[in-house]
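We name chains A, B, ... by the order of the sequence lines, and we start the count at 1 in each one.
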Amino acid sequence: MPEGHTLYRLAADIEESFGGEAVRVSSPQGRFAEGAALVDGQIVEAAQSAGKHLFIRFVDEQIIHIHLGLIGALTFGDAPAPPAVGAVRLRIEGSRRYADLRGAMVCELVTTEAMGGLVGQLGADPLRPDADPDRAYERIHRSRKAVGALLMDQTVLSGVGNVYRSEVLFRARLHPLTPGQRVTRRRWNAIWDDLVELMAEGVRLGRIDTVRPEHEPEAMQRPPRVDDHGGEVYVYRRAGQQCHVCGSMVRTEILEGRNLFWCPRCQRRR
DNA sequence: TCAAGATGATCAG
DNA sequence: TGATCCTCTTGAT
């Protein structure tokens, strides 16, 4: 589930599992063999996420940059690590834990400068206390593009993926095809505050829960709404099902190659 | 057994 | 905008 909150947790898990320890680094699948050899035996200094990017820094200043993409996964287990199953691009083994990376879009060694460049291109990350939502709003307010597309643009906002995009727009009762330039400042502030709260909760819970029964008493009486991504949601991947709030059929459409979900009554086009 | 789809992003045209 | 890459799971055949 690679949205920003997942990467934030993974960074914390890496530090907790391997921080301060010299680790064995390998690439059972072979595609990261050269990079793995360069950091094998080095001490893990720190790990951090930025949007959907993950960086693992070693004491000798080498940095592994990982981007999970759509299907990548980083899983952990207790040492000793068993023989690798499937296409394990990267394996990190410590004295207590091991981690396996599969299916990542990016797994490479980068320099501190390159890392700075990557992070510098990213938009405001709702998980960072120093994030600047004003800059994001300037981009949104200048654009004729759909707000649903802008929220997914990692140079505008970083860490927001399809689930948070769909859900935060529902919670704001904003139609995803509304042009960015028609999003008011007040509306944007509410969306940003909501993202900050939802994503922090995503980090705590390890899943995306957006349904607030206490705010929607009617929803309490409806059938279970746990999506198979693991959380409770209003519209994400619920096309053709009833909206928890008004009972209308949730709609879907492809916007810029990604599935979009919204309730046509709760999120009217203005 | 096989095809489709998935919470992402890039590149060519 | 469509093709492509990465891997695994699910559902259809």
Asker: What is the nucleic acid contact for Gln29(A), judged by heavy atoms within less than 4.0 Å: base, sugar-phosphate only, or nothing?
Answerer: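 Contact class for Gln29(A): sugar-phosphate only.
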
Asker: If you look at every strand shown and take non-hydrogen atoms under 4.0 Å, does Arg89(A) touch a base, only sugar-phosphate, or nothing?
Answerer: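 Result for Arg89(A) = sugar-phosphate.
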
Asker: Is a donor on one side and an acceptor on the other found under 3.5 Å between the side chain of Ser158(A) and the backbone of Gly123(A)?
Answerer: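 Answer holds: yes.
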
Asker: Please give, in whole Å, the distance from dA6(B) C1' to Met152(A) CE?
Answerer: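 Value for this atom pair: 12 Å.
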
Asker: Expressed in whole Å, how much space separates the P atoms belonging to dG13(B) and dC5(C)?
Answerer: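 My reading of the P atoms in dG13(B) and dC5(C) gives 15 Å.
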
Asker: For the pair made of CG in Leu70(A) and P in dT10(B), what is the distance, rounded to whole Å?
Answerer: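 After rounding, the gap between these two atoms is 14 Å.
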
Asker: Please report, rounded to the nearest Å, how far the P atom of dT7(C) is from the CG atom of Asp100(A).
Answerer: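 It works out to 13 Å between those atoms.
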
Asker: Out of Thr75(A), Leu101(A), Leu74(A), which residue meets the side-chain contact (heavy atoms from CB on, under 4.5 Å) rule with Leu10(A)?
Answerer: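 Going through the options one by one, the only one that passes is Leu74(A).
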
Asker: Between dC6(C) and dT1(B), how far apart are the two P atoms, rounded to whole Å?
Answerer: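 So the two P atoms sit 24 Å from each other.
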
Asker: Between dT7(B), dA9(B), dT7(C), spot the one nearest the side chain of Arg31(A), thanks.
Answerer: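 Nearest nucleotide to the side chain: dT7(C).
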
Asker: Please name the nucleotide paired to dT13(C) by Watson-Crick or G-U wobble geometry with both distances under 3.5 Å, or report none.
Answerer: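 Result: none.
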
Asker: Looking at dA9(B), dA6(B), dC8(C), which one has an atom nearest to any side-chain atom of Lys52(A)?
Answerer: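 Looking only at heavy atoms from C-beta outward on Lys52(A), the closest nucleotide is dA9(B).
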
Asker: Is Gln154(A) touching bases, backbone alone, or none of the nucleic acid, heavy atoms closer than 4.0 Å?
Answerer: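 Result for Gln154(A) = sugar-phosphate.
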
Asker: Is there a donor-acceptor pair closer than 3.5 Å between any side-chain N or O of Glu45(A) and the backbone N or O of Ile56(A)?
Answerer: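 No; judged by distance alone, with no hydrogens or angles, the pair does not exist.
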
Asker: Please report, rounded to the nearest Å, how far the C1' atom of dT4(C) is from the CD1 atom of Ile71(A).
Answerer: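 It is 12 Å, rounded to the nearest whole Å.
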
Asker: How long is the line joining CG of Asp209(A) and C1' of dT7(B), in whole Å?
Answerer: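 So the CG-C1' distance, Asp209(A) to dT7(B), works out to 15 Å.
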
Asker: Is the cationic atom of Arg139(A) (NZ for Lys, CZ for Arg) positioned less than 6.0 Å from the six-membered ring centroid of Tyr137(A) and within 45 degrees of its normal?
Answerer: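 Not satisfied by the 6.0 Å and 45° rule.
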
Asker: Without decimals, in angstroms, what is the distance between Glu108(A) CD and dC6(C) P?
Answerer: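 The distance from CD of Glu108(A) to P of dC6(C) comes to 15 Å, rounded to the nearest Å.
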
Asker: Is Asn259(A) near enough to dT7(B) that one of its side-chain N or O atoms lies under 4.0 angstrom from OP1 or OP2?
Answerer: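 So the side-chain polar atoms of Asn259(A) do come within 4.0 Å of the phosphate oxygens OP1 or OP2 of dT7(B), strictly under.
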
Asker: Can you tell me how far P of dT7(B) sits from NE2 of His5(A), to the nearest Å?
Answerer: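 Whole-Å distance recorded here is 14 Å.
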
Asker: Can you measure Leu101(A) atom CG to dC5(C) atom P for me and round it to whole angstrom units?
Answerer: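 Value for this atom pair: 19 Å.
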
Asker: Using atom C1' of each nucleotide, how far apart are dT1(C) and dT7(B) to the nearest Å?
Answerer: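 Between the two C1' atoms, the distance is 22 Å.
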
Asker: What interatomic distance, in whole Å, is found between P of dT10(B) and the corresponding atom of dC8(C)?
Answerer: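 dC8(C) and dT10(B) have their P atoms separated by 23 Å.
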
Asker: Report the relative orientation of the aromatic rings in Phe76(A) and Phe18(A); use parallel for angles under 30°, tilted for 30 to 60°, perpendicular for over 60°.
Answerer: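 The arrangement is parallel - the two ring planes meet at less than 30°.
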
Asker: According to a strict under-4.0 Å criterion, is Tyr164(A) in side-chain N/O contact with OP1 or OP2 of dT7(B)?
Answerer: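 Negative; the distance criterion is not met.
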
Asker: Between dC6(C), dT7(B), dA9(B), which one does the side chain of Asn162(A) approach most closely?
Answerer: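 Side chain of Asn162(A) sits closest to dT7(B).
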
Asker: Where the side chain of His67(A) is concerned, which of dT7(C), dA9(B), dA6(B) is the nearest nucleotide?
Answerer: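 Out of dT7(C), dA9(B), dA6(B), the nucleotide with an atom closest to His67(A)'s side chain is dA9(B).
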
Asker: With distance as the sole test, does Gln267(A) use its side chain to make a donor-acceptor pair with the main-chain N or O of Arg173(A) at under 3.5 Å?
Answerer: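 Not a single qualifying donor-acceptor pair exists.
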
